[in-house]
Amino acid sequence: MSLQFIIGSSGSGKTRRLYEDLIAGSLKEPDSPFIAIVPEQFTMQTQKEIVKLHPDHGVMNIDIVSFNRLAYRVFEELAVDQLAVLDDMGKSMVLRKVASGKRKELGLYAGHLNQTGFINQLKSMLSELYQYGIRAEDLERARDAADTALLRAKCADLAVICRAFQKEIEDRFITAEEILDVLCRVLPESELIRRSVITLDGYTGFTPVQYRLLELMMIHAKRVVVTVTADPGAEPYRRSSMQDIFYMGREMIFRIGSLAEKNGVAREKDILLGALPRFVKSPSLAFIESHLYRYGGAAASWEPKEAEVWQAAGPAQEVEAVAAGIRR
């Protein structure tokens, strides 16, 4: 039950360090499961990299999963009864049915239901609301607190549609966004999680339900390791405004650290990576990465060899300058 951060700028080798530590740990404890959680689109790439780095060229006792795939592993372990998952097409069909049935209760949206693409936009909005744990009651509170008539009308219509949608699928279907809610309820019972070392890589931030999962993982798993993109030399533990280049990384460190402190989870010494091995053969790119959106007069010392910076009036002029450079 411990937490550790691997903190470094882009190109500093956070992922490589994580994989190497993951492989070393899996070899040292062959009977313990190691779970690497990455975004869905990176699962195959992560498997390839770990297989390449592993001395036995296999993942062995390392599982590479996304949050949703982890959910199904735990459901299978605990024999959790699962409702049918409603896909995007199913959501659109249910939304069209419930929105048409509630047309008389809708104000702003009533005249738009037959517009091309409107139901698809509603589906995207509904998915995002579920992802962030926002329900009809929250929308009604937002409606009452809204300071403009347009916002009040939108919140009111969304609340009506959300409530009707939930009632329509209740006890028959579950949306993909609700899978993690179910996982939160059953994760404390999982022996797999209790025996596991869990790592998270490739994330710039988490949704509220993912933060709840992270909290449960820190409480119940043997160890949790998270990579964070932030410059170790730029006070990564200090909170900053949203305009700061490392705002998202600092916010991750603060929120996860606060959850660990609240639950008495031990903090291991963080790994701070300063060098940029990705740009070792290109000092100009390393300089740009280290100074982009960070002001302090260092640019005066830059003598570029591999890179040039141009200012253009618009996208067409940018393309023209690049094309001219390629031709030269």
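Everything numeric here is computed off the predicted structure, so don't read it as measured data. As a basis for the values below, the full set of heavy atoms in this structure was taken, side chains included, without hydrogen atoms, waters or symmetry mates.
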Side chain proximity check, [X] to [Y], heavy atoms < 4.5 angstrom:
| X | Y | answer |
| --- | --- | --- |
| I198 | L200 | yes |
| I6 | L273 | yes |
| L108 | L150 | yes |
| F206 | L214 | yes |
| P236 | I253 | yes |
| E140 | R143 | yes |
| C162 | L139 | yes |
| L27 | D56 | yes |

Hey, are [X] and [Y] close enough for a salt bridge, meaning a charged N less than 4.0 Å from a carboxylate O?
| X | Y | answer |
| --- | --- | --- |
| E191 | R194 | yes |
| D144 | R141 | no |
| R267 | E261 | no |
| D31 | R195 | no |
| K14 | D231 | no |
| E20 | R17 | no |

Test side-chain hydrogen bond (donor to acceptor under 3.5 Å, both in side chains) applied to T207 and Q131, step by step: CA-CA 7 Å; T207 62; Q131 194 174 356; 5.1 Å; no
Is a side-chain donor-acceptor pair under 3.5 Å present for [Y] with [X]?
| X | Y | answer |
| --- | --- | --- |
| Y130 | Q166 | yes |
| T46 | E49 | no |
| E215 | N263 | yes |

Does R250 qualify as a cation-pi partner of Y237, given the criterion of NZ or CZ under 6.0 Å from the six-membered ring centre and within 45 degrees of its axis? no
Check: [Y] main-chain N/O paired with [X] side-chain donor or acceptor under 3.5 Å:
| X | Y | answer |
| --- | --- | --- |
| Q4 | K269 | yes |
| R103 | A99 | no |
| H54 | V59 | no |
| D157 | L106 | no |
| S9 | S12 | no |
| S92 | D88 | yes |

Using a cut-off of 6.0 Å, state whether more than 12 heavy atoms not belonging to [X] lie near its atom [atom1].
| X | atom1 | result |
| --- | --- | --- |
| R16 | CZ | no |
| Q311 | CD | no |
| E76 | CD | no |
| K154 | NZ | no |
| E40 | CD | yes |

Closest non-hydrogen atom pair between [X] and [Y], with its separation:
| X | Y | value |
| --- | --- | --- |
| R212 | D181 | NH2-OD1, 2.5 Å |
| D138 | G133 | OD2-O, 3.7 Å |
| K91 | S127 | NZ-OG, 3.0 Å |
| T175 | V85 | C-CG1, 4.3 Å |
| R96 | L113 | NH1-O, 3.9 Å |
| V186 | L78 | O-CD1, 3.4 Å |

At what distance, to the nearest 0.5 angstrom, does [atom1] of [X] lie from [atom2] of [Y]?
| X | Y | atom1 | atom2 | answer |
| --- | --- | --- | --- | --- |
| N68 | L70 | CG | CG | 9.5 Å |
| R255 | R239 | CZ | CZ | 8.5 Å |
| I193 | M217 | CD1 | CE | 5.5 Å |
| E251 | I256 | CD | CD1 | 10.5 Å |
| M93 | L86 | CE | CG | 9.5 Å |
| K28 | F34 | NZ | CZ | 9.5 Å |

Is there a side chain to side chain contact (heavy atoms under 4.5 Å, CB included) between C184 and L216? Walk through the geometry before answering. CA-CA 7 Å; C184 285; L216 291 168; 4.0 Å; yes
In this structure, would [X] and [Y] fall into the same cluster of hydrophobic residues linked by side-chain contacts under 4.5 Å?
| X | Y | answer |
| --- | --- | --- |
| L126 | V160 | yes |
| V209 | V74 | yes |
| I219 | V226 | no |
| V65 | I50 | no |
| Y211 | M1 | yes |

Start with the C-alpha distance between I35 and V197, add both sets of side-chain angles, then the distance that settles side chain to side chain contact (heavy atoms under 4.5 Å, CB included), and finish with yes or no. CA-CA 6 Å; I35 299 174; V197 172; over 6 Å; no
Would you check, one step at a time, whether the test side chain to side chain contact (heavy atoms under 4.5 Å, CB included) holds for M125 with L158? CA-CA 9 Å; M125 174 64 75; L158 281 172; 3.8 Å; yes
With sequence neighbours left out, the residues meeting salt bridge (charged side-chain N to carboxylate O under 4.0 Å, His left out) with R238 are E235
Verdict with supporting geometry, V182 and F75, side chain to side chain contact (heavy atoms under 4.5 Å, CB included): CA-CA 9 Å; V182 179; F75 295 163; 3.6 Å; yes
Output field: ring centroids F118/Y109 closer than 6.0 Å: yes
CA sep, side-chain torsions, deciding dist, call: F67, Y203, ring pair (Phe, Tyr, Trp, His ring centres under 6.0 Å): CA-CA 12 Å; F67 276 112; Y203 293 94; 5.6 Å; yes
So which of S2, S196, S32 actually passes side chain to side chain donor-acceptor pair (under 3.5 Å) with K222? S32
